[in-house]
Amino acid sequence: MATRRRSVYVPQEIEPKWQKIWAERGVMTASDSSPKPKYYDLVMYPYPSGELHMGHARNYVMGDALARMKRMQGYEVLHPFGWDAFGLPAENAAMKVPGLHPMKWTLDNVAESKRDLKMMGILYDWDREVTSCMPDYYKWTQWLFLLMLERGLAYRAMAPVNWCPVDKTVLANEQVINGRCWRHPDVEVEKRDLEQWFLKITDYADRLLDDLALLDKWPQKVRVMQTNWIGRSQGAEVDFPIDGLSGESVRIYTTRPDTLFGATFMVLAPEHPLVDRVTTEKHRARVHEYIETARKETEIERLSTEREKSGVATGGFAINPVNGEKIPIWIADYVLVTYGTGAIMAVPAHDERDFEFAKRYDLPIREVIAPPAGSQTELREAYVGPGAMVNSGQFSGLDSATGFERICDWLEQQGKGKRSVKYRLRDWLISRQRYWGAPIPVVYCPTHGVVPVPVDQLPVTLPDTYAPLAEQPDWYRTTCPIGGEEAKRETDTMDTFIDSSWYYLRYASPHDDAQAFDPELANHWMPVDQYTGGVEHAILHLLYSRFFVKVLHDAGMVDAIEPFMRLFNQGMVKRFGQVMSKSAGNGVSIAQLTGEQGADAGRVYEMFIGPPEEDVEWNESGLNGVVKFLQRVWRLVLEPESIVEERSAAGAGARVDTVLLKRRVAQTIGRVTEHYDELRFNTAVAFLMELTNTMQDYLQSGGARDAEWDAAVRTLVKLLNPLSPHICEEMWERLGEKGLLADQPWPEFDAAAAAEEKAELVIQVEGKVRDRLEIQVGLSEDEALKVALASERVRAALNGRGPSRVFYVKDRLINLVP
RNA sequence: GUCGGCGUGGCGGAAUGGCAGACGCGCCAGCCUUAGGAGCUGGUGCCCGAAAGGGCGUGGAGGUUCAAAUCCUCUCGCCGACACCA
């Protein structure tokens, strides 16, 4: 008997078997007409980068585990997948390898990634797969652009744009990080003036901001980031007449109209249109020189806060409308032409930037807000807080908040200004001078101007030849859809963030060739119940998607006003201290993992490794621990006698009887269900480990393998299934059960069975725990007191002690008054 | 600079304001064994102690509370986002 070989599972034998069965049975195929409640479980569709590693897998395992559980809980689960397939890496690859087309490179990568996902046992409804670079998808991306155009939300404008000299394309504001290209952190972005397409996301600024309040199941971090990005501020626009130019004035924007009396000079952005008008002959040469220098500076230099402020006087003066004072007009590049009105009143006493500027150029500083307590006699820095207004004419004496309102009222009555709300958010520049994107579907006609391509002529497909569209006359030469004149196609393509702003809607009806999505089906599945992806999309993708849904809602195409109800940002997987990636060369590939420890061990390990939102470090011994755990489950379920035998060899562990076993099973159902639902997989795994420990102790305490044991076994297998589906499915079959485990109902939680039968009474005296007493659950306060006082030890503990005599029973406090 | 988040054993980490350190890794001791990098049992926060037991303990200092890792104030450290937006 001693030579007995313990049974072990071999992942390479069971994993492919079950993957094949699930695919054949269409386990994750979502039905549009199911009577079950729907659950839309979505992971951010990725850029197809080819072979996947365990860093990618963590995200997808979470989504898969949730989908599997929700399915067992009786939901009709939509768990789709697709590819954000336009974009630069494909072009870079094509440029490196002559003759390689971005399409081929992309589709090869898709195939490779897809194979890896399947090897991990991750189930999607592949019937609904979308690929954004395919004409049947980007046809509708183009259609959505035309919808925006029709609704006045797409426009063309000449603008100083962010230009990446390496990628040779324009970037959105959101793609410029510290003045550098988001794809090339050491390449500084240049400013160029180009005619470009924009989407008017600023029209939705208020709603994008206000509706964040509805997203209470989003990480607050993301909501804060979006709030800051939209950057709404309340203030006033005020007209300052230009001295000597009757009827002309400069409009400024301020968030502190209460400091209007403290304005001692005015500053225009170098690009401000009135610069020429206000500059006197004497100052013209110097102003011109300053503007030239400012233009040549990169965004980085200009925006650096470390840099000392610079500027130049124009020689012109403006009249402060509240007191008729003449104040000099300066030009300085710390004022941005793109924000507010491109001009400010400078109040050095109450604004740090103005203060610094005034110090440098020796401009007057006048205090108009007195700090609340203890006035600062010396003005060493600007006081930006609230306080009482002083030196402010009829408004002196008011507190600054009231003064804000009174001055605004006064300005509006006098017609000299008005309340105004400004945003940091800018319109979304979507033109890209790249081949590998969806062509913007418009035609430039000499007679009719900008003409949208008629819907029945969509899609405007990309030419087969990989080369910039502007260099392909065969492609861009066309005729005007209205008059038939010779015309030219737009040669820019769209930002790929447009593709990803609506893909989740396409999943509702991915094969519809008559519309972008079927509104009825979209309304059936939307909104997304759980959205999972990286925090790097906290602003760009999520803000754009929210914008699209609001536009589509206004167009009557979807009921939802927000796309994603619950958002989760998972942490990244690191190895050797660095984020796993192909370029860092530290990835554990899915192919390698499944060939060794198996997909299930990798899945459970990645869920157990740490909190799901935290970055985690991959390490082999942790993975081995999980393999050990799974092998133990395997034996416990299929070969419990081998565990019973071990008892005699080494002595018993903890005593576990049937009552304890039952209770532990019930508790585990409750905890695991709750924690899976909240994506707290690390603790869910810990609870399952506790259950197996209890089951093992039960066997080793001589527990019978009766109905209770069988129930425990089946519960364990079901609860573990979302994380370790292959092994659980195989065990289910070997247990002689009929049907797929994937189709089994989720175990029901029995609160009564999970409750402890004893409660503890903790006797604290003067803040210290003096004694503990086991009592029955469900006793009233009086009964509990009686039990407590019946105890000799309790009486002794209380005897002669100080004032605080407190009992604690579960979550109830009982105060004992002597 | 501003705004957010986080500081718990040797390590990853648990803890609706209620026995801090679950679960796992690692380590120590033992058992078993045709010796496997296997399996099993016990131990493992720190200090004192042979033990029983006692003291200390969640970055630091205060505070609220019968009770604080958890709430409040200040402070130090780390991480992230934004960064002249008037």
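Residue numbers begin at 1 in each chain, while the letters A, B, ... track the order of the sequences. Quick caveat: nothing in here was measured; it's all calculated off a predicted structure.
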Participant: Is the F681(A)-F608(A) ring centre distance short of 6.0 angstrom?
Facilitator: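 So the answer is no for these two rings.
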Participant: Go through C23(B), G4(B), G13(B) for me and flag the one nearest to the N682(A) side chain.
Facilitator: G13(B)
Participant: Are any side-chain N or O atoms of N586(A) and backbone N or O atoms of R575(A), one a donor and one an acceptor, separated by less than 3.5 Å?
Facilitator: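 The answer is yes, because a donor-acceptor pair under 3.5 Å joins these two groups.
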Participant: Does G24(B) have OP1 or OP2 under 4.0 Å away from a side-chain N or O of N693(A)?
Facilitator: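 So the side chain of N693(A) is within the cut-off, an N or O lying under 4.0 Å from OP1 or OP2 of G24(B).
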Participant: In terms of the angle between their ring planes, are Y361(A) and F357(A) parallel, tilted or perpendicular, with boundaries placed at 30° and 60°?
Facilitator: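 Geometry flag for F357(A) against Y361(A): tilted rings.
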Participant: Could you give the distance separating C46(B) and G36(B) at their P atoms, to the nearest angstrom?
Facilitator: 35 Å
Participant: Just the rounded figure in Å: distance from P of C84(B) to CZ of F355(A).
Facilitator: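 Rounding to the nearest Å, CZ of F355(A) and P of C84(B) are 20 Å apart.
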Participant: Checking base pairs now: Watson-Crick or wobble, both atom distances under 3.5 Å. What partners U34(B)?
Facilitator: none
Participant: Take atom P in G9(B) and the same atom in A61(B), then report the distance between them in whole Å.
Facilitator: 15 Å
Participant: What's the base orientation of G9(B): syn (chi within 90° of 0) or anti?
Facilitator: syn
Participant: Answer yes or no: does a side-chain N or O of Q696(A) lie under 4.0 Å from OP1 or OP2 of U41(B)?
Facilitator: yes
Participant: Distance check: side-chain N/O of Q631(A) vs OP1/OP2 of A38(B), anything under 4.0 Å?
Facilitator: no
Participant: Specify the separation, in whole Å, of atom CD of E356(A) and atom P of A86(B).
Facilitator: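 It works out to 17 Å between those atoms.
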Participant: Please classify the nucleic acid contact of G340(A) as base, sugar-phosphate, or nothing, using heavy-atom distances under 4.0 Å.
Facilitator: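 Result for G340(A) = nothing.
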Participant: Looking at C84(B), A22(B), G24(B), which one has an atom nearest to any side-chain atom of R632(A)?
Facilitator: G24(B)
Participant: Do any N or O atoms from the side chain of Y605(A) and from the backbone of E620(A) form a donor-acceptor pair under 3.5 angstrom?
Facilitator: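 Flag not set: sc Y605(A) to bb E620(A) has no pair under 3.5 Å.
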Participant: Can you identify which nucleotide, out of G26(B), A22(B), A86(B), has its nearest atom closest to the S621(A) side chain?
Facilitator: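 Among the listed nucleotides, the one closest to the side chain of S621(A) is G26(B).
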Participant: Please report the distance separating the C1' of A38(B) from the corresponding atom of G60(B), rounded so that it comes out in whole Å.
Facilitator: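 Result for the C1' pair: 47 Å, nearest Å.
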Participant: Under 3.5 Å for both donor-acceptor distances, Watson-Crick or wobble: does A29(B) have a partner, and if so which one?
Facilitator: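 Across any shown strand, A29(B) pairs with U41(B).
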Participant: Assuming nearest nucleotide by heavy-atom distance, tell me which of P612(A) and M689(A) is located more 5' along RNA chain B.
Facilitator: P612(A)
Participant: Which listed nucleotide (G4(B), C23(B), C82(B)) is nearest to the side chain of R424(A)?
Facilitator: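 So the side chain of R424(A) is nearest to C82(B).
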Participant: If you only use heavy atoms from C-beta on, which nucleotide in C25(B), A86(B), C40(B) is closest to the side chain of T255(A)?
Facilitator: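 The listed nucleotide nearest to T255(A)'s side chain is A86(B).
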Participant: Are any of the side-chain heavy atoms of K309(A) and R360(A) separated by less than 4.5 Å?
Facilitator: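 A side-chain contact under 4.5 Å is absent here.
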Participant: Quote, to the nearest angstrom, the P distance that separates C72(B) from U65(B).
Facilitator: 16 Å
Participant: How would you label the contact of I344(A) with the nucleic acid (heavy atoms, under 4.0 Å): base, sugar-phosphate, or nothing?
Facilitator: base
Participant: How are the rings of Y544(A) and W428(A) set relative to one another: parallel (under 30°), tilted (30 to 60°) or perpendicular (over 60°)?
Facilitator: parallel
Participant: Would you mind reading off the distance between L268(A) atom CG and A86(B) atom C1', rounded to a whole angstrom?
Facilitator: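 In whole Å, A86(B) C1' and L268(A) CG are 13 Å from each other.
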Participant: For Q700(A) and U41(B), is the shortest distance between a side-chain N/O and OP1 or OP2 below 4.0 Å?
Facilitator: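 So the side chain of Q700(A) is within the cut-off, an N or O lying under 4.0 Å from OP1 or OP2 of U41(B).
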Participant: Using OP1 and OP2 only, check whether a side-chain N or O of R671(A) sits under 4.0 Å from C23(B).
Facilitator: no
Participant: Whether K221(A) contacts C3(B) is assessed here as follows: a side-chain N or O lying under 4.0 Å from the phosphate OP1 or OP2. Is that the case?
Facilitator: no
Participant: Using the C1' atom in both, what is the distance from C27(B) to G10(B), to the nearest Å?
Facilitator: 8 Å
Participant: Check whether any side-chain N or O of S642(A) sits under 4.0 Å from OP1 or OP2 of G39(B), and answer yes or no.
Facilitator: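 Checking G39(B) against S642(A), no side-chain N or O comes under 4.0 Å of OP1 or OP2.
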Participant: So which nucleotide from A86(B), C3(B), G12(B) ends up closest to the side chain of F608(A)?
Facilitator: G12(B)
Participant: Which nucleotide sits closest to the side chain of P611(A): G13(B), G5(B), C84(B)?
Facilitator: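 From the listed options, G13(B) comes nearest.
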Participant: Looking at A86(B), which nucleotide sits across from it as a Watson-Crick or G-U wobble partner, both distances under 3.5 angstrom, or is there none?
Facilitator: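 The base-pairing partner of A86(B), which may sit in any strand shown, does not exist here.
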Participant: Please check: side-chain N/O of R664(A) versus main-chain N/O of N693(A), any donor-acceptor pairing under 3.5 Å?
Facilitator: no
Participant: When the P atoms of C32(B) and C25(B) are compared, how many Å lie between them, rounded to an integer?
Facilitator: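 Between the two P atoms, the distance is 24 Å.
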Participant: Hunt down the Watson-Crick or G-U wobble partner of A52(B), both distances under 3.5 Å, from any strand shown, or write none.
Facilitator: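 Result: none.
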Participant: Partner lookup for G17(B), please. Criteria are Watson-Crick or G-U wobble with both distances under 3.5 angstrom; report none if nothing qualifies.
Facilitator: none
Participant: Measuring to OP1 and OP2 of A86(B), would you say a side-chain N or O of Y334(A) lies under 4.0 angstrom away?
Facilitator: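 Checking Y334(A) against A86(B): no side-chain N or O falls below 4.0 Å of OP1 or OP2.
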Participant: Which one is paired to G7(B), where only Watson-Crick or G-U wobble pairs with both distances under 3.5 angstrom count?
Facilitator: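 Per the H-bond distance test, C76(B).
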Participant: Give the rounded distance in Å between these two atoms: CD of E620(A) and P of G24(B).
Facilitator: 20 Å
Participant: For I609(A) and G12(B), what is the distance between atoms CD1 and P respectively, to the nearest whole Å?
Facilitator: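 Distance, rounded to whole Å: 12 Å.
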Participant: Using the P atom as the reference point in each nucleotide, state the distance between C11(B) and G4(B) in Å, no decimals.
Facilitator: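 Rounded to whole Å, the distance is 31 Å.
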Participant: By nearest nucleotide on RNA chain B, pick out whichever of K422(A) and M225(A) is the more 5' one.
Facilitator: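 The residue whose closest nucleotide sits nearer the 5' end is M225(A).
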Participant: When both hydrogen-bonding distances must be under 3.5 Å and the geometry is Watson-Crick or G-U wobble, what is G12(B) paired with, if anything?
Facilitator: C23(B)
Participant: Tell me whether Q592(A) at atom CD has more than 12 heavy atoms from other residues, nucleotides or ligands lying less than 6.0 Å away.
Facilitator: yes
Participant: Under 4.0 Å between a side-chain nitrogen and a carboxylate oxygen: does that hold for R251(A) and E237(A)?
Facilitator: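 Yes, charged N to carboxylate O under 4.0 Å.
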Participant: Across all strands shown, which nucleotide pairs with A81(B) by Watson-Crick or G-U wobble geometry, both distances under 3.5 Å?
Facilitator: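 Base-paired to U2(B).
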Participant: So what does T338(A) touch, heavy atoms closer than 4.0 Å: a base, only the sugar-phosphate, or nothing?
Facilitator: nothing
